[in-house]
4 protein chains.
Amino acid sequence: MTSTKSPADRPDDSGGVKPLRADARRNRERIIAVAEAVFAEKGPSASTEEVAAGAGVAIGTVFKHFPTKQALLQAIMKGLLERLNEQLSALAAGDRPGEGLFTFVTEMVDQAARKRTVVTLLAETGVDLQVAGSLQSLREGVEALLDRARRAGTVREDVRLDEVLALLTGLCHGALHAGWDVDLQRRTLAIVFEGLRGQPDAAARSRGSIR
Amino acid sequence: MTSTKSPADRPDDSGGVKPLRADARRNRERIIAVAEAVFAEKGPSASTEEVAAGAGVAIGTVFKHFPTKQALLQAIMKGLLERLNEQLSALAAGDRPGEGLFTFVTEMVDQAARKRTVVTLLAETGVDLQVAGSLQSLREGVEALLDRARRAGTVREDVRLDEVLALLTGLCHGALHAGWDVDLQRRTLAIVFEGLRGQPDAAARSRGSIR
Amino acid sequence: MTSTKSPADRPDDSGGVKPLRADARRNRERIIAVAEAVFAEKGPSASTEEVAAGAGVAIGTVFKHFPTKQALLQAIMKGLLERLNEQLSALAAGDRPGEGLFTFVTEMVDQAARKRTVVTLLAETGVDLQVAGSLQSLREGVEALLDRARRAGTVREDVRLDEVLALLTGLCHGALHAGWDVDLQRRTLAIVFEGLRGQPDAAARSRGSIR
Amino acid sequence: MTSTKSPADRPDDSGGVKPLRADARRNRERIIAVAEAVFAEKGPSASTEEVAAGAGVAIGTVFKHFPTKQALLQAIMKGLLERLNEQLSALAAGDRPGEGLFTFVTEMVDQAARKRTVVTLLAETGVDLQVAGSLQSLREGVEALLDRARRAGTVREDVRLDEVLALLTGLCHGALHAGWDVDLQRRTLAIVFEGLRGQPDAAARSRGSIR
DNA sequence: AATGAATGAGAATTCATTCAT
DNA sequence: AATGAATGAATTCTCATTCAT
């Protein structure tokens with residue numbers, strides 16, 4: 001132990017994970033940040049070498065922090081999901097219960113339109129335990145927003161969580177791959193939100209005409 | 001050259017493309033068919049060797065027909081798009097003008113849910129001139145269905161082609177990556193279709209409430 | 001060089017394995033030959049790159065023929081064991097039943113003293129089915145020589161196959177690692193052979209008969 | 001330099017080697033002990049990191065004590081050889097002059113059968129001056145046992161030191177790589193000892209005296 | 001003295017592409 | 001036209017060694 005102070009008197013913000021030296025943590029964070037950008041632009045098949053170069057470290061350093069490429073991808077995933085979960089919490093605590101879900105979907109699609117994120121990575125990254133937890137939180141966060149919206153009457157009673165998540169991922173993928181501009185995002189989401197709101201007589205109509 | 005006939009005295013059915021010997025054409029078609037299956041299952045990073053092996057030809061033969069892997073991917077794209085265009089034509093000529101668009105979207109999403117197709121490939125394949133043409137046809141075919149639906153009153157007047165295509169690609173990507181089951185597909189599309197139909201007072205409401 | 005004759009009229013000497021083009025076979029053999037020498041000198045941790053360079057081919061060619069380094073090591077093993085088995089057959093068919101075993105051990109130790117061979121490789125190479133077969137043949141070949149020697153009275157009745165093989169591998173390892181010179185080999189083996197003979201009149205006989 | 005005392009005023013107990021602080025010496029010894037175990041189990045290609053982890057020190061500490069991996073291997077060698085030399089001395093001072101050599105060989109082979117030791121390490125480690133000294137002592141120790149055995153009549157007059165060492169290393173290598181069980185060790189050594197004795201009445205004596 | 005993060009030169013393996021047969 | 005062996009650059013991952021803290 002090199003520090004003359006006990007590590008115990010520093011707040012441990014990393015949940016039981018061995019604390020890193022300040023310089024190592026900086027590198028780790030830089031690597032994640034660069035990796036996020038690189039994989040966002042080129043997809044998960046971009047080379048680890050490129051991430052290393054972008055972060056200004058040697059290739060070995062990347063592999064020291066993330067022993068496989070998979071591990072790096074999963075670390076990115078974890079970070080992205082955590083940020084989403086924070087957004088969800090904020091919206092759930094907010095004062096516009098009817099609009100929270102719409103706001104969240106709108107923001108997520110907007111992010112996806114800018115760069116590859118959770119959406120792509122989720123598709124290519126194996127879901128490990130760490131990630132699985134964040135993912136479950138995400139589901140629950142969206143479910144909370146959906147509940148509030150249903151109670152506020154801004155979303156039809158018969159809309160279920162699964163459909164909402166399906167629409168969310170679909171829209172993100174679409175925005176991501178097709179590079180929707182802001183206006184196209186707005187108009188496309190308007191249609192989907194309209195469908196979520198539905199009409200008083202929507203349920204009745206949908207019984208017969210679809211398919 | 002082993003053929004005793006000049007290639008010139010056979011009808012050229014391929015629009016300016018050099019005619020092939022019958023066996024060569026058979027090979028070409030087999031390669032495309034196998035490549036479609038292979039890339040559908042494993043994504044575009046599957047190896048060209050595997051395609052060759054599946055088609056029962058040597059690797060050199062694949063590269064003889066398609067000088068780069070890109071070219072092979074684009075040839076597949078072209079084929080897929082042509083088939084979609086045929087579907088569109090059939091629906092445009094059909095007798096249920098109000099439902100054609102819904103039917104087309106439903107079928108395409110269903111295919112995507114089964115395997116990687118146009119959706120993935122389009123994302124990874126550079127769009128060259130050949131493909132661009134088919135893509136333009138696709139746009140026009142969908143536009144025709146959309147027009148008919150608007151005229152039949154099953155789609156709101158203010159819905160534009162861009163949104164429809166955006167929803168289409170988004171839903172396909174979603175179905176593809178998340179592996180939606182049939183029931184989830186149905187419920188998700190019901191919401192989107194509801195949004196496309198809209199309500200009498202939808203236009204009014206949408207002015208203020210979105211975002 | 002591709003022959004204009006059908007491959008069918010050439011004898012297939014490779015036991016059901018797909019026949020290779022002549023140039024490919026030449027390369028394959030050159031690679032094995034070089035690999036044998038390289039691994040003999042530097043041990044199995046020598047790099048595949050060095051083998052490729054020595055054989056005058058690109059690294060990819062080595063991996064085309066032997067998909068992993070293990071596979072290359074095992075191919076070498078197989079060849080070495082086959083050669084040993086041929087020696088055994090020749091000695092078993094020879095006319096000096098009492099001396100066959102001694103001759104074989106002497107030759108094998110002599111080879112080991114010159115370079116790393118079966119001995120080292122066997123230690124590091126996983127034994128797969130192909131190799132296992134040759135190894136079993138080797139055991140049986142030595143057993144045959146041992147039987148003949150026992151019947152000829154040049155080896156004690158109570159000596160068993162396991163001890164002979166143990167002595168054989170031990171002596172080879174020793175000769176290999178310590179680089180015994182010819183004279184040291186002779187004197188060391190004389191002691192072991194004396195132990196194998198183990199008769200009251202051993203001293204008398206040992207004067208003349210050892211090689 | 002942090003120490004306030006000159007290093008010169010502490011007694012130098014290690015033959016010209018710089019004296020170490022008590023904690024440093026403890027580390028050094030722990031590293032050697034762990035390294036011995038690790039290399040014994042996994043061979044000399046085991047990673048230095050693993051040794052460090054096992055010893056509970058950082059990798060830098062290992063390299064502080066042993067500037068290269070080679071140096072670490074040689075230090076282990078030296079320790080092993082020293083212990084063997086102690087055994088030799090004990091046997092040379094013992095009261096069974098005729099059996100000392102046999103006992104020593106038996107014990108060394110038994111150790112080799114249990115784990116990689118001197119045998120492997122000697123093969124892979126370059127012999128430096130330090131090691132060379134211990135090795136010379138080993139030779140002399142075995143020579144002493146051999147002399148006594150010859151005088152006691154339990155080993156033939158014409159057996160020379162080189163053959164004995166050759167047999168010793170060969171048997172150790174064999175036992176090491178082939179994993180001889182106790183019974184196989186006994187039977188194999190019986191043959192070799194028989195060869196070393198090599199007298200008319202050898203068979204008779206061997207019934208009782210071995211082990 | 002100890003720490004442990006960083007380095008960077010390999011090593012094995014893959015695969016699109018070329019070219020002699 | 002077809003074959004399939006050869007190429008070699010690119011990629012992931014390892015590990016002895018260095019050096020700032």
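Every chain is numbered from 1 and lettered A, B, ... according to where its sequence line falls, protein lines coming before strand lines. Keep in mind that the numbers below use all heavy atoms, side chains included, and drop hydrogens, waters and symmetry copies.
One can place CD1 of Ile59(A) at 13 Å from P of dA9(E), the figure rounded to the nearest angstrom. In this structure, the CZ atom of Arg28(C) is 14 Å from the C1' atom of dA5(F), given to the nearest Å. Computed from coordinates, the Phe39(D) CZ to dC15(F) P distance equals 12 Å when rounded to whole Å. Glu49(A) has its CD atom 15 Å from the P atom of dG10(E), to the nearest Å. Atom CZ of Arg26(D) and atom P of dA1(E) are 13 Å apart (whole Å). Whole-Å rounding puts the Arg30(D) CZ to dA1(E) P distance at 16 Å. We find that CD of Gln70(C) is positioned 17 Å from P of dA11(E), with the value rounded to whole Å. In this structure, Phe63(C) atom CZ and dA9(F) atom P are separated by 16 Å, rounded to whole Å.
Residues Gly60(C) and Pro67(A) each lie close to DNA chain F; by heavy-atom proximity, the contact nearer the 5' end of the strand is made by Gly60(C). In terms of position on DNA chain E, the residue among Lys64(D) and Ala46(B) whose nearest nucleotide sits closer to the 5' end is Lys64(D). Each of Thr48(D) and Ala58(C) was assigned the nucleotide of DNA chain F with the nearest heavy atom; the assignment lying further toward the 5' end belongs to Ala58(C).
Here dA1(E) sits opposite no nucleotide as a Watson-Crick or G-U wobble pair (both hydrogen-bonding atom distances under 3.5 Å). Under the Watson-Crick or G-U wobble criterion, with both distances below 3.5 Å, dA16(E) is paired with dT7(F).
The base of dA16(E) does not come close enough to the side chain of Lys69(B) for any donor and acceptor atom to sit less than 3.5 Å apart.
Between Glu36(B) and Leu80(B) the shortest side-chain heavy-atom distance falls below 4.5 Å. Here the side chains of Lys78(B) and Gln74(B) are not in contact, with every heavy-atom distance at 4.5 Å or above. No side-chain heavy atom of Leu73(D) sits less than 4.5 Å from a side-chain heavy atom of Phe66(D). Side-chain contact check for Ile31(D) versus Arg28(D): every heavy-atom pair is 4.5 Å or farther apart.
Nearest heavy atom pair, residue Val38(B) against residue Ala46(B), reads CG1-CB, 3.6 Å.
Of all nucleotides listed (dA5(F), dA16(F), dG8(F)), dA16(F) comes nearest to the side chain of Ser47(D). Among dT3(F), dT17(E), dA1(E), the nucleotide with an atom closest to any side-chain atom of Thr68(B) is dT17(E). For Ala24(C), the listed nucleotide lying nearest its side chain is dA5(F); candidates were dA16(E), dC15(F), dA5(F). For His65(B), whose side chain is taken as the heavy atoms from C-beta onward, the closest listed nucleotide among dT3(F), dA2(F), dA5(F) is dA2(F).
Of the side-chain N and O atoms in Asn27(D), none sit less than 4.0 angstrom from OP1 or OP2 of dA1(E).
Within 4.0 Å (heavy atoms only), Thr61(D) reaches at least one base atom of the nucleic acid.
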